[in-house]
K.L.:
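Below are the structure tokens for one structure; questions will follow.
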Amino acid sequence: MRAVERVDAPLGPKTALLERAVGQRIAAVERRGKFLTLPLVRSPSAVPADVLVLHLGMTGVLGPREPSAHLRVRLRLDGPDPDVLFVQDARRFGRWLVLPDGDPVSLPTLAAMGPEPLGAGFTVAGFAAALARSRAPVKALVLSQRPVAGVGNIYADEALWRARVHPLTPAADVPRAKVRALHGAIRDVLAAAVEAQGTTLYDYRTVNGEVGAYLEQLDAYGHDGDPCPRCGAPIVKLVVAQRGTHVCPRCQRAPRGARAPIRGPARRRAPEAGR
DNA sequence: CGAGTGCCCTGACAGC
DNA sequence: TGCTGTCAGGGCACTC
């Protein structure tokens with residue numbers, strides 16, 4: 001069990017409690033959704049109380065090599081090499097903090113997080129119940145991490161496309177058969193993406209510095225203007241929950257009342273062709 | 001309390 | 001060449 005000898009990070013509200021990690025031992029390395037959670041103990045036989053939480057955001061990289069730029073956290077451990085871990089985060093969307101006594105009050109998303117998508121706790125029945133409670137657009141609800149953990153914008157689009165569910169459908173209106181399909185699609189997409197070591201659009205790298213290969217398997221995300229791989233209709237891009245959203249207008253039927261496609265803020269004409 | 005919006009932050013890129 | 005504006009997105013803070 002390695003102990004934290006020193007933490008260097010810029011001071012601020014997001015990092016104010018990091019120094020609580022100093023002198024404690026890392027009892028485990030766990031993950032909840034997109035959060036890394038490291039329970040800390042004050043002695044090898046103690047029960048974990050504080051939890052060191054790392055969220056890498058979109059551009060965060062955690063690894064043993066010192067980055068050439070955008071270093072945010074330096075974590076010095078006792079014991080053998082590697083004895084220093086670095087967090088690089090160009091866009092500063094990451095978070096790193098200690099939750100005293102594991103209290104997630106400052107991280108509401110973590111506190112209310114749904115089951116792990118690849119675990120046994122993610123059931124069709126539970127997923128259906130979560131959707132039935134909300135009239136938010138189904139994509140917005142999925143992105144909230146509450147019905148299921150770990151689904152971000154790319155994989156939400158892919159799963160909805162596979163299940164033939166329009167992202168603007170009110171969650172409670174998704175038919176039972178499509179809830180089942182979406183549940184399966186989320187599992188399939190995430191399992192395949194993990195297998196491919198993720199999706200590198202721009203910055204993302206694995207812990208070994210490699211790009212993620214799932215980019216090549218994307219069917220909908222980023223394919224606006226391209227033919228749908230299933231039916232050939234052009235994929236359309238719209239905005240749902242402030243996120244770029246890619247839909248096949250033929251396979252994914254829009255809910256009644258939704259006018260599609262919704263372009264973003266109508267202050268600027270969209271470019272003629274995709275890149 | 002659920003839903004929607006604004007914001008953070010930097011790099012890539014388009015357009016002039 | 002260099003400037004300006006826009007866009008990308010995970011999660012929190014805030015408003016309605």
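By convention in this document, chain letters (A, B, ...) are assigned in the order of the sequence lines, proteins followed by strands, and residues within each chain are numbered from 1.
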K.L.:
For B/dC9 and A/H70 - does any side-chain N or O of the residue sit under 4.0 Å from the phosphate oxygens OP1/OP2?
P.N.:
no

K.L.:
Select one nucleotide: of C/dA8, C/dG11, B/dG11, the one nearest the side-chain heavy atoms of A/K237.
P.N.:
C/dA8

K.L.:
Salt bridge check: are A/R76 and A/D8 linked by an N-O gap of less than 4.0 Å?
P.N.:
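No, no charged N to carboxylate O under 4.0 Å.
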
K.L.:
Tell me what A/S134 touches on the nucleic acid: a base, only sugar-phosphate, or nothing, going by heavy atoms under 4.0 Å.
P.N.:
sugar-phosphate

K.L.:
If you measure from the Lys or Arg side-chain nitrogens to the Asp or Glu carboxylate oxygens, is any gap between A/D157 and A/K139 under 4.0 Å?
P.N.:
yes

K.L.:
I need the CG-C1' distance between A/L54 and C/dG11, as an integer number of Å.
P.N.:
16 Å

K.L.:
Nearest to the side chain of A/Q145 - C/dA8, B/dC9, C/dG11?
P.N.:
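Ranking C/dA8, B/dC9, C/dG11 by closest atom to the A/Q145 side chain puts C/dG11 first.
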
K.L.:
Under 4.0 angstrom, heavy atoms only, what part of the nucleic acid is A/L107 near: base, sugar-phosphate, or nothing?
P.N.:
sugar-phosphate

K.L.:
Any salt bridge between A/D89 and A/R72, counting N to O under 4.0 Å?
P.N.:
no

K.L.:
Answer yes or no for this row: A/F93 ring on C/dG9 base, centroids under 5.5 Å, planes under 30°.
P.N.:
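Taking the rule of under 5.5 Å and under 30°, the ring of A/F93 does stack on C/dG9.
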
K.L.:
Is the shortest distance from a Lys or Arg side-chain nitrogen in A/D83 or A/R2 to a carboxylate oxygen in the other one below 4.0 Å?
P.N.:
no

K.L.:
For C/dG10, does either OP1 or OP2 sit under 4.0 Å from a side-chain N or O belonging to A/H55?
P.N.:
no

K.L.:
Let me know the distance between CG of A/D224 and P of C/dA8, rounded to the nearest Å.
P.N.:
9 Å

K.L.:
What I want to check is whether an N or O donor and acceptor connect the side chain of A/R243 with the base of C/dG11 at under 3.5 Å.
P.N.:
yes

K.L.:
Mapping A/D89 and A/A140 to their closest nucleotides on DNA chain B, which lands nearer the 5' end?
P.N.:
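Per heavy-atom nearest nucleotide, the more 5' residue is A/A140.
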
K.L.:
Taking 4.0 Å as the cut-off, does a side-chain nitrogen or oxygen of A/Q242 come that near to OP1 or OP2 on C/dG9?
P.N.:
no

K.L.:
Please check the phosphate of B/dG4 (OP1 and OP2 only) for any side-chain N or O of A/K139 closer than 4.0 Å.
P.N.:
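For B/dG4, OP1/OP2 do not have a side-chain N/O of A/K139 under 4.0 Å.
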
